[in-house]
Enquirer: 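Mind having a look at this structure? Questions to follow.
No experiment lies behind these values; they were computed from the predicted model shown. Because only heavy atoms are used, hydrogens play no part in the values below, and waters and symmetry mates are left out as well, while side chains stay in. Letters A, B, ... mirror the listed sequences (proteins, then strands); counts begin at 1.
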Amino acid sequence: MADPATDPGAPTRQRAEPYVPQEIEPRWQAAWDRSGQHRIDLEDDSRPKRYFLTMFPYPSGNLHVGHWYAETPADAAARFQRMRGANVFFPMGFDAFGLPAENAAIQAARKGEDVHPARLTRERIASMTTQFQRMGAMFDWSKTLATCEPEYYRWNQWFFLRAYQRGLAYRKESYVNWDPVDQTVLANEQVVEGRGERSGALVERRLMPQWHFRITAYADELLDFGGLDWPERVKTMQTNWIGRSEGAEVAFTTDAGQEIRTFTTRPDTLWGATFLVLAPEHPLVATVTTDGHRAEVQAYVEAAGRLSEIDRQSEAREKTGVFTGAYATRPVDGARIPIWVADYVLVTYGSGAVMAVPAHDQRDFEFARSYGLDVVPVVQPADVERLDGATMTEAYAGDGVMTNSGPFDGTPTGKDAGPDGGVARVIMWLEERGLGERRVTYRLRDWLISRQRYWGTPIPMLYCDACGIVPEREENLPVVLPEDVAFMPTGESPLQHHADFQHATCPSCGGTARRETDTMDTFMDSSWYWFRYLAPDKSDGPVDSARVARWTPVDTYTGGIEHAILHLLYARFFTKMMRDLDLTDASEPFLRLRNQGMILGEDGEKMSKRRGNVVDPDDLVARYGADAVRAYLMFIGPWDQGGPWNPQGIEGVVRFLHRVWALVEDPAPEGGSADDATVAELRRAAHTAVAEVTDDLDRFRFNTAVAELMTLQNAMMKLKSGALVANDAWEEAVQLLLLLLAPITPHLAEELWHRRGFGESVHLQAWPSVDEGALVRSTIDLVVQVNGKVRGKVTVPSDADDAAVLEAAKSDANVVRYLAAGTLKREIVVPGKLVNLVVVG
RNA sequence: GCCGGGAUGGCGGAACGGUAGACGCAGUAGAUUCAAAAUCUACCGGGGAGACCCGUGCGGGUUCGAAUCCCGCUCCCGGCACCA
């Protein structure tokens, strides 16, 4: 073959125009917009529906690489499903309420400037929408929404009222997490290691009346992930968070006749309960305490109240507590045991009081040793020497045989003892005698949704002097968040000083009422938004029930792992509540969940302005084009892993895209071969890629999909010649390559598709199917093993029988050397892939 | 402590139980160039001149054959954690 590089006489290879993504991409984005190919017909039921949902972003004002990493692979998966013949709905909107915009307004107020969160948020939504267009994604912008608009949040209020009617929303005074920086209470889910999830401030415990959703009513149902294709770790995290414990509730009676209820997972150790412990906040502490101990107990309770949650739960801390002076009766045998107050017992879990069994619970053991309380073993381990309460150095929590336990002596017991074990039998025994009952307890608390903030959905409740707490009438919704507000430099919610907003008429008696000034947790907004996408303009109800029936649950939901508990738990709860309000038949919102990892800076650290390792997607697009950014983010590694940004890595992908352009557009070198073997090789390469890319995209394995496309490009480049390009098989291979590229690099594929004159948009083509015939090889590689070692490889016709295979193996000089030493034991034929000839000496 | 997920070249990572390291990055050599960039070609786990040998966190096992399956560890990441 003449090569202009080495042969000066050879004709110079003509080059087509260069690949300039910056020119191609805006042109196609505008064309797709004009043609409306991303506007979906939600009523079209001629094709199977696929609801692809990606977690809607908070309008921070600027897209960062994380958005591109989250959205563009999801877009590739959605485009792939559309080409496979599905009617794919892939909407995008904005989670628009929240503290950052309000904090910006407060900051501005401190400087005497005027910034309003509503204006700021709407501007940011507009600029981010423009930025989103540059991704070349197939978002259907005709169905977008922003949660800060009254048309959206009025339905938050509507749901709240319906939930209130059903007793699923309620107000109660309880100990809550107060974030002193953001000046609001937070849900348990928003407190991480004792600090506010957003502000990082140490949260304080405050007793305040607040609105809650009764998520605990669904605790058991939330533990059931049946039928869901979700990552194991997300299911585990939610299961841990809900924290189900089985046990019994046992009531102890004080000498003064008050009942103290305790929860235990080990009722079989009841005979070893040598004291009771109340949490400092337990309501009975004051009434139980005897006069002689009052001062000491009061001091202890006050000191405990001053401790931050993190100090109090510190593991290193030694257990402290005080005796109340009171005694209670152990119900199983009438023994009198002392009642203590200690802050290692949490008022928020179980009943806020525990029966302490120091011999078999490490915490109780440590407390008993500190204060000289009795340690009485009631479970004897089978294989260890007898436990003695006086000499034990730690609690024994394992299995064994019950002793000192009245009628149960000799019963095998422990966590693993099963239905005939002590735990189950003692519960039955307690129930028969009315001394206690089976009880399941959860770590999960009800969802606290009140926020003492401005930029959120007003809670539609009123306080009337005559009627008390009164819900707003549905027909008066929305309770509009007033925009004529002044932001305090102190950070206090302006609603607390807005007389017009607070002034209301009581729907019950017609008198004057005061409006609730707390707003809802913004996780409320994201708990049902995918229903609203289906009919964002609907004004006579929250959702279009026919579309809900057809389109939900969401088929594939994508987003960050940081929402594993928060948003995803609330969304599941909300769907179940909506089901019970007859708004949907489904019990689960999202059938398949896939989480992307996080893109880190070049240094492997989280991207931040302070570190100076932020990569700006706008710069990347200007430099390399959107397709290169998309393809690189997909190629970087498994999507759920994320990883550091590699500036040289994207160059490799850019090279690949230029090679694709050259492969399709540049003229081929003259001559070459287009014989049957060459054509078969070309078709095999193309159809192998079809098979692999199809499988990869189906399984969200974008990195190997891109690698497969690179392999195909390499193979085609190697084979490309004047003779082959003139063959129909070349045209077919180019078409397949472009079809496979379409979800990943939509602009490049579309441009080349048109340049080749293949017809209307590549994105409206059917996804190619594999021609199995093209995959069949005329020969097969034969690996020859002797005594477990690979000793050679021979190539035989794919239809060779065992005898011919053996003959072929023997024709390999190297194999024969080893074969001579042994005898043939057997041949193992792996159909379609490999043939191994095994010889044992 | 309990639960979940991992560990493969210099790096990111591939491998239905079937020749480990696909694809890419970085690197080496060469072509092109006055030179460089870009591009192209070849090489690119370790040892050995070679035949070969050794290699997927560690120790066993199953199998003709194990990164992959089983048993026992080590370390790393994530979640929960004084939750009775």
Enquirer: Whether A:R630 engages the ring of A:W68 as a cation-pi pair (distance to the six-membered ring centre under 6.0 angstrom, angle to the ring normal within 45°) should be assessed.
Expert: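 A:R630 over A:W68 ring: no.
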
Enquirer: Does A:R443 put a side-chain nitrogen or oxygen below 4.0 Å from OP1 or OP2 of B:A81?
Expert: yes

Enquirer: Could you check if a side-chain atom of A:L444 sits within less than 4.5 angstrom of a side-chain atom of A:L569, using non-hydrogen atoms only?
Expert: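 They are in side-chain contact.
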
Enquirer: At under 4.0 Å between heavy atoms, what does A:R233 touch on the DNA or RNA strands: base, sugar-phosphate, or nothing?
Expert: sugar-phosphate

Enquirer: I'd like to know if the side chain of A:E189 reaches the main chain of A:L566, judged simply by a donor and an acceptor atom lying under 3.5 Å from each other, with no hydrogens or angles considered.
Expert: no

Enquirer: From B:G79, B:A84, B:C82, pick the nucleotide closest to the side chain of A:I565?
Expert: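 When the side chain of A:I565 is considered, B:G79 is the closest of B:G79, B:A84, B:C82.
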
Enquirer: Heavy atoms from C-beta onward define the side chain here; which of B:G79, B:A84, B:C82 lies closest to that of A:T264?
Expert: B:A84

Enquirer: Could you please spell out the steps behind the side chain to side chain contact (heavy atoms under 4.5 Å, CB included) verdict for A:V375 and A:R369?
Expert: CA-CA 8 Å; A:V375 177; A:R369 283 289 187 254; 3.3 Å; yes

Enquirer: Of all residues at least two apart in sequence or in a different chain, which pass the side-chain contact (heavy atoms from CB on, under 4.5 Å) check with A:E246?
Expert: A:R244, A:R438, A:V440

Enquirer: Take A:D364 and A:Y344, measure what side-chain hydrogen bond (donor to acceptor under 3.5 Å, both in side chains) needs, and give me the verdict at the end.
Expert: CA-CA 9 Å; A:D364 298 342; A:Y344 79 90; 2.8 Å; yes

Enquirer: Using the side-chain contact (heavy atoms from CB on, under 4.5 Å) criterion, which residues pair with A:V191? Sequence neighbours excluded.
Expert: A:N177, A:L186, A:V203

Enquirer: Could you tell me how far apart A:N595 (CG) and B:G79 (C1') are, to the nearest whole angstrom?
Expert: 13 Å

Enquirer: Taking only side-chain N and O atoms of A:T239, does any of them lie within less than 4.0 angstrom of OP1 or OP2 on B:G4?
Expert: no

Enquirer: Quick check on RNA chain B: between A:P638 and A:A353, whose nearest nucleotide comes earlier from the 5' end?
Expert: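 Result: A:P638.
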
Enquirer: How should the glycosidic conformation of B:G9 be described, syn or anti, under the criterion that syn lies within 90° of 0?
Expert: syn

Enquirer: In terms of relative ring orientation, are A:H360 and A:Y396 parallel, tilted or perpendicular, with 30° and 60° separating the classes?
Expert: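 Perpendicular, since the angle between the ring planes exceeds 60°.
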
Enquirer: Specify the residue among A:Q641 and A:D361 whose closest nucleotide of RNA chain B lies further upstream toward the 5′ end.
Expert: A:Q641

Enquirer: Considering only the P atoms, how many Å lie between B:A14 and B:G24, rounded to the nearest integer?
Expert: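 B:A14 and B:G24 have their P atoms separated by 15 Å.
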
Enquirer: Identify whether NZ of Lys or CZ of Arg in A:R572 sits under 6.0 Å from the centre of the six-membered ring of A:W230 and within 45° of that ring's axis.
Expert: yes

Enquirer: Rounded to whole angstrom units, what separation is found between the CG atom of A:L444 and the P atom of B:C80?
Expert: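 Computing the A:L444:CG to B:C80:P distance gives 13 Å.
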
Enquirer: Round to a whole Å and report the spacing from NZ of A:K718 to P of B:C23.
Expert: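 Whole-Å distance recorded here is 9 Å.
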
Enquirer: Look at A:N703 and B:A14 and indicate whether a side-chain polar atom (N or O) is within less than 4.0 Å of OP1 or OP2.
Expert: yes

Enquirer: Between the main-chain N or O of A:W241 and the side-chain N or O of A:R443, is there a donor-acceptor pair closer than 3.5 Å?
Expert: yes

Enquirer: State, yes or no, whether a side-chain contact exists between A:P743 and A:L697 at a heavy-atom distance under 4.5 Å.
Expert: yes

Enquirer: Hey, where does RNA chain B pair up into stems, meaning at least three consecutive Watson-Crick or G-U pairs with distances under 3.5 Å?
Expert: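 In RNA chain B, stems of three or more pairs: B:1-7 with B:74-80, B:10-12 with B:23-25, B:27-31 with B:39-43, B:45-47 with B:52-54, B:57-61 with B:69-73.
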
Enquirer: Please report, rounded to the nearest Å, how far the C1' atom of B:C3 is from the CG atom of A:L223.
Expert: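 Spelled out: CG on A:L223 to C1' on B:C3 is 13 Å.
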
Enquirer: Write down the distance separating the C1' atoms in B:G57 and B:G5, rounded off to the nearest Å.
Expert: 16 Å

Enquirer: Tell me: CD of A:E189 to P of B:G79, nearest whole Å?
Expert: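 The answer, rounded to whole Å, is 15 Å.
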
Enquirer: Tell me which residues in residues 691-700 of chain A put a heavy atom below 4.0 Å from RNA chain B, sorted by number, or none.
Expert: none

Enquirer: Report each atom pair, protein N/O against N/O of nucleotides 24-29 of chain B, whose distance is under 3.5 angstrom.
Expert:
from	atom 1	to	atom 2	distance (Å)
B:G24	OP1	A:N714	ND2	3.2
B:C25	OP1	A:R655	NE	3.1
B:C25	OP1	A:R655	NH2	2.7

Enquirer: Would you call the rings of A:Y349 and A:F263 parallel, tilted or perpendicular, where under 30° means parallel and over 60° means perpendicular?
Expert: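 Perpendicular.
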
Enquirer: Once you round it to whole Å, what is the distance between C1' of B:G13 and CD of A:E708?
Expert: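 Answer to the nearest Å: 14 Å.
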
Enquirer: Give the C-alpha distance, both sets of side-chain angles, the deciding distance and a yes or no for side chain to side chain contact (heavy atoms under 4.5 Å, CB included) between A:L430 and A:L270.
Expert: CA-CA 11 Å; A:L430 289 169; A:L270 244 170; 3.8 Å; yes

Enquirer: Where the side chain of A:L346 is concerned, which of B:A22, B:G4, B:A84 is the nearest nucleotide?
Expert: B:A84

Enquirer: Can you tabulate the close N/O pairs, meaning under 3.5 Å, that link protein atoms to atoms of nucleotides 68-70 of chain B?
Expert:
none

Enquirer: Atom NZ of A:K319 and atom C1' of B:A84: how far apart are they, to the nearest Å?
Expert: 11 Å

Enquirer: Measure from CD on A:E232 to C1' on B:G6 and round the result to the nearest Å.
Expert: 14 Å

Enquirer: In whole Å, measure the gap between the C1' atoms of B:G72 and B:U62 for me.
Expert: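 Rounded to whole Å, the distance is 15 Å.
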
Enquirer: Is the shortest side-chain heavy-atom distance between A:M598 and A:Y69 below 4.5 Å?
Expert: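 Not touching, per the 4.5 Å side-chain cut-off.
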
Enquirer: For A:F367 and A:Y371, take the angle between the two ring planes, folded into 0 to 90°, and tell me which bin it lands in: parallel under 30, tilted 30 to 60, perpendicular over 60.
Expert: tilted

